[in-house]
Amino acid sequence: MHSLTLRRPDDWHLHLRDGAMLKGVLPETTRHFARAIIMPNLVPPVVTGAQALAYRDRILAALPDGAPFEPLMTLYLTEGTDPADVVAAAQSGLIKAVKLYPAGATTNSHGGVRDLTRVYPVLEAMAKIGLPLCTHGEVTTPDVDIFDREAVFIDTVLDPLRRAIPGLRVVMEHITTSEGVAYAASGGADLAATITTHHLIINRNHILVGGIRPHYYCLPVAKRESHRLALRKAATSGAACYFLGTDSAPHIDALKEHACGCAGCFTATNTMPLLAHVFEDENALGQLESFTSLNGPAFYRLPANEARITIVKHAAAQTFPEKILTEAGPVTVFNPGFPVYWHVES
Ligand code: DOR
Ligand code: ZN
């Protein structure tokens, strides 16, 4: 198959930032994607409905002319979050999810949650109205090895939480382990998981062998090869509980190529060609639309997009910009390390 027409995809986990960075990276997403769940980890974070409304306006103002793109807003959960504000923001249609960052887990998460029981009233209100909780699923306990933090989170935080608040709808964001794959499949219609493009392509060797590669460092950090293979099997299975969330997370090169480099892979530019490559490798091009365009809207109870994109496989390797030059500084585009023949034509 050399040409593939799909419903226009959505990105169910995206970092757009703000200001000059937002302006610079937004066209990379709107070129191919119709909608995206927008992460709220700005400085300061998007905590209230009023802040989400203002952030949405800034995103809409930064859109390239005529781009048909809908930002789906989220709130950053804190121990001070007011359940009534969350419910009002959801019922007005403004927000589509609330994001749980365990305090200290990743970029700008210091305002996140330390004691989960303190946000139970918010979570109970969310369960009542069916508003999904998106989880950054890593424990932050210093004595838990960074490669084990996702599996320990599932056992010690997520599973107890789902038992304590039945009916809470949860998206396990950017899963990186076979444990994550298995748990997401075990929860029925109220549990799902997003998978990033880069975690389908790299394992931890790519970050560390032959020199340290800061542009492959993200959180949760890529795990060993057996986990990458489990993620590829899940993503290409067509199962309704897995869908694309790129976690495309721009940082300027000066902060990635740094003694204490920031976490994040920037994949907005080439995600769709890379996914076509991965799905073709797995003999699963027929499942690509489920992963990028159908399973996400079904979980979020939104209609699938009516517009279509066409992805074509060319005889020659296609080129992507090495960097996006934003007014905040250059951002390196994720390099998969192999030639890619697929190109989005429309
Ligand atoms: O790699 C990551 N980058 N993981 C996250 O959880 C946050 C993100 C960011 O905001 O840079
Ligand atoms: Zn993220």
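Excluded from the calculations below are hydrogen atoms, water molecules and symmetry mates; all remaining heavy atoms, backbone and side chain alike, are included. We count ligands from 1, going down the list as the structure has it; atoms in each ligand are counted the same way.
A donor-acceptor contact under 3.5 angstrom links the side chains of D115 and T117, judged on distance only. Using a 3.5 Å distance cut-off with no hydrogens or angles, the side chains of H15 and N41 do pair a donor with an acceptor. Inspection of the N295 and S290 side chains reveals no N or O donor paired with an N or O acceptor under 3.5 Å. One side chain, E345 or H314, offers a donor N or O that lies under 3.5 Å from an acceptor on the other. A side-chain donor from one of E28 and T269 sits under 3.5 Å from a side-chain acceptor of the other. K223 and T176 share a donor-acceptor pair across their side chains, judged by distance under 3.5 Å alone.
The side chain of H136, and not its backbone, has at least one atom closer than 4.0 Å to an atom of ligand 1 (non-hydrogen atoms only; side chain from C-beta on). When heavy-atom distances to ligand 1 are checked against a 4.0 Å cut-off, A249 comes that close only through its side chain, counted from C-beta outward. Residue contacts with ligand 1 for D247 involve side-chain atoms from C-beta outward but no N, CA, C or O (heavy atoms, distance under 4.0 Å). The part of R17 lying near ligand 1 is the side chain, judged by heavy-atom distances below 4.0 Å.
Heavy-atom distances between H251 and ligand 1 reach below 4.0 Å in at least one pair.
Counting atoms of ligand 1 from 1 in the listed order, those under 4.0 Å from a heavy atom of N41 are 9 (C), 10 (O).
In this pair, F338 and H277 present their aromatic rings parallel. The plane angle is below 30°, not in the 30 to 60° band. Relative orientation of the Y300 and F243 rings is perpendicular, given thresholds of 30° and 60° on the angle between their planes. Taking the six-membered ring where tryptophan is involved, the planes of Y76 and Y101 are tilted, since the angle between them lies from 30° to 60°.
F266 pairs in a side chain to side chain contact (heavy atoms under 4.5 Å, CB included) with only one of the listed residues (V25, D247, T246), which is V25.
For atom 3 (N) of ligand 1, the closest heavy atom belonging to the protein is A263 O, 2.9 Å. With respect to atom 8 (C) of ligand 1, the closest heavy atom belonging to the protein is H15 NE2, 3.7 Å. Remark: minimum distance from atom 1 (O) of ligand 1 to any protein heavy atom is reached at L219 N, 2.8 Å.
Hydrophobic cluster membership differs between L72 and L94, with clusters built from Ile, Leu, Val, Met, Phe, Trp and Tyr side chains linked at under 4.5 angstrom.
Taking only nitrogen or oxygen atoms, main chain and side chain alike, G264 reaches within less than 3.5 Å of ligand 1. Considering backbone and side-chain atoms together, T106 places an N or O closer than 3.5 Å to an N or O of ligand 1. Residue C218 places no N or O, backbone or side chain, under 3.5 Å from any N or O of ligand 1.
W12 CH2 to F299 CZ: the interatomic distance, rounded to the nearest 0.5 Å, is 10.5 Å.
Take the Zn ion (ligand 2) and draw a sphere of radius 2.8 Å; the protein N/O/S atoms inside it number 3.
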